[in-house]
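Read through the structure below, which is laid out as C-alpha cells, and then see the notes.
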Amino acid sequence: MSTHISLDEEVRLYNTNAEREKYNTLANLFGIIISLDYLERAYVRDSITAAEYSPACTRLLSQYKTMLKLVGADVPSVEEFMRRYRMENPAALHRIHVGVPATVEHSSEAGPETGKWIAETTQGFITFMDALKLGYRAKDQLHPILQDLVTGYARFKGSKDWEGRSRMVSWLITLNGMTAAEKLSEDQTRELTFDVERAYREFFESLEDAKNKVS
C-alpha cells in the first residue's frame, strides 16, 4: 500500500507546540551566533565604535547564555551545535569562549580586575538605560541601579574629570531628595536619558583614549 504525498503540502518541522518552541529556540540560538560573528568582524574592521560594539556584544552574550539554558540537552555544546548546522563562524565562537567583549579582553588598563570593572560598568549602563526604556520613573526603581552605576564608575582612574560622572552624581542627588514613590517628570526623564547616553559614550571614548596613549 503506497502513501500519497502531495508536493503542494507544507512540510512541518513540528507536530506539537513543544516541538515548535524547541525549533524556535534553536533558530534564535543560530541567529545570535550569526549576529555575534558579524558584530566581531565589524568591530575588527573599525566599522563600529567601541561604544556601539560593547553593549551589543554584552547583550548577545547574555542572550546566548539564556538560549543555551533553554535548549538544554538538545545542544550539549556550542561546538556540537555549530557542527550540526555547518556553521563557520570562528569569530563568534572565540567571543563565546572568552565570555566578555573584546573591549574588556584587550583592555588597555592593566590587570584582569580592570577588565572586570569595564564589563560591570558596561552592564550597569545597559541596565540603567533599559530601565528608562521600560518606563521606570520612581525613585525606588531607579535609585539602586544608578547608585550601582555611579559606584562602578568611580573606580576608574581619571573618572573624576569626566563630565558624565558629575551628571550621574547630580541625578543621584536629585533622586535622593525624592520620596520612594515619587516619579521623574517626562522632561526630567528625557534629560536623564540624554545625560546617561552621553556619559556612556564618554566612558568608552575615555577608554579608547587611554588605549591610544599606551599604543
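Heads up: numbering here begins at 1 and tracks the sequence.
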Please report the shortest heavy-atom distance between [X] and [Y], naming the atom on each side.
X	Y	answer
I33	A92	O-CB, 3.4 Å
A181	A138	O-CB, 4.1 Å
G164	A199	CA-CB, 3.6 Å
L149	F128	CD2-CB, 4.4 Å
L146	L172	CD2-N, 3.7 Å

State the [atom1]-[atom2] distance between [X] and [Y], to the nearest 0.5 angstrom.
X	Y	atom1	atom2	value
E202	E205	CD	CD	7.5 Å
T127	I145	OG1	CD1	7.0 Å
T25	L29	OG1	CG	9.0 Å
I96	L36	CD1	CG	5.5 Å
L39	I32	CG	CD1	12.5 Å
F30	S35	CZ	OG	10.0 Å

So, using salt bridge (charged side-chain N to carboxylate O under 4.0 Å, His left out) as the criterion, who are the partners of E52 when residues are at least two apart?
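With neighbours one apart ignored, the set is empty.
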Report the residues that fulfil salt bridge (charged side-chain N to carboxylate O under 4.0 Å, His left out) with E182, sequence neighbours left out, ordered by chain and then residue number.
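Expected list: none.
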Which donor-acceptor pairs under 3.5 Å do side chains of residues 72-82 form with protein atoms, sequence neighbours excluded?
{"residue": "S77", "atom": "OG", "partner": "E80", "partner atom": "N", "Å": "3.1"}
{"residue": "E79", "atom": "OE2", "partner": "H97", "partner atom": "NE2", "Å": "2.6"}
{"residue": "E80", "atom": "OE1", "partner": "R83", "partner atom": "NH2", "Å": "3.3"}

Looking at side-chain heavy atoms only, is the closest gap between [X] and [Y] below 4.5 Å?
X	Y	answer
I34	M87	yes
E21	L70	no
P55	F125	no
V150	W171	no

Kindly say whether T58 contributes a backbone atom to a donor-acceptor pair with the side chain of S62 at under 3.5 angstrom?
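Pair absent, no side-chain N/O of S62 close to backbone of T58.
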Using atom types as modelled and distance alone, determine if a side-chain donor or acceptor of Q188 lies under 3.5 Å from a backbone N or O of S185.
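Pair found, side chain donor or acceptor close to backbone of S185.
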Does any pair with a residue in residues 32-47 pass salt bridge (charged side-chain N to carboxylate O under 4.0 Å, His left out), and if so which ones, sequence neighbours excluded?
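For residues 32-47, and leaving out neighbouring residues, the salt bridge (charged side-chain N to carboxylate O under 4.0 Å, His left out) pairs sorted by first residue read D37-R41, E40-R95.
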Check the pair Y38, N89 against side chain to side chain contact (heavy atoms under 4.5 Å, CB included), reporting the backbone distance first and the verdict last.
CA-CA 9 Å; Y38 274 112; N89 306 101; over 6 Å; no
Among residues two or more places apart or on two chains, list those pairs meeting side-chain hydrogen bond (donor to acceptor under 3.5 Å, both in side chains) that have a residue in residues 128-145.
R59-D130, R137-T189, H143-N176
Looking at F204 versus Y53, is the centre-to-centre ring distance below 6.0 Å?
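Centroid distance F204-Y53: not below 6.0 Å, so no.
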Any link between I126 and F194 through a network of hydrophobic side chains (Ile, Leu, Val, Met, Phe, Trp, Tyr) touching at under 4.5 Å?
no
ILVMFWY cluster, V44 and L60 together (side-chain gap under 4.5 Å):
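No.
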Under 4.0 Å between a side-chain nitrogen and a carboxylate oxygen: does that hold for R198 and E163?
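Yes.
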Using side-chain hydrogen bond (donor to acceptor under 3.5 Å, both in side chains) as the criterion, list what pairs up with R84, not counting sequence neighbours.
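Result, side-chain hydrogen bond (donor to acceptor under 3.5 Å, both in side chains) vs R84: none returned.
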From CA spacing to verdict: side chain to side chain contact (heavy atoms under 4.5 Å, CB included), L184, M178:
CA-CA 9 Å; L184 295 175; M178 297 166 58; 3.9 Å; yes
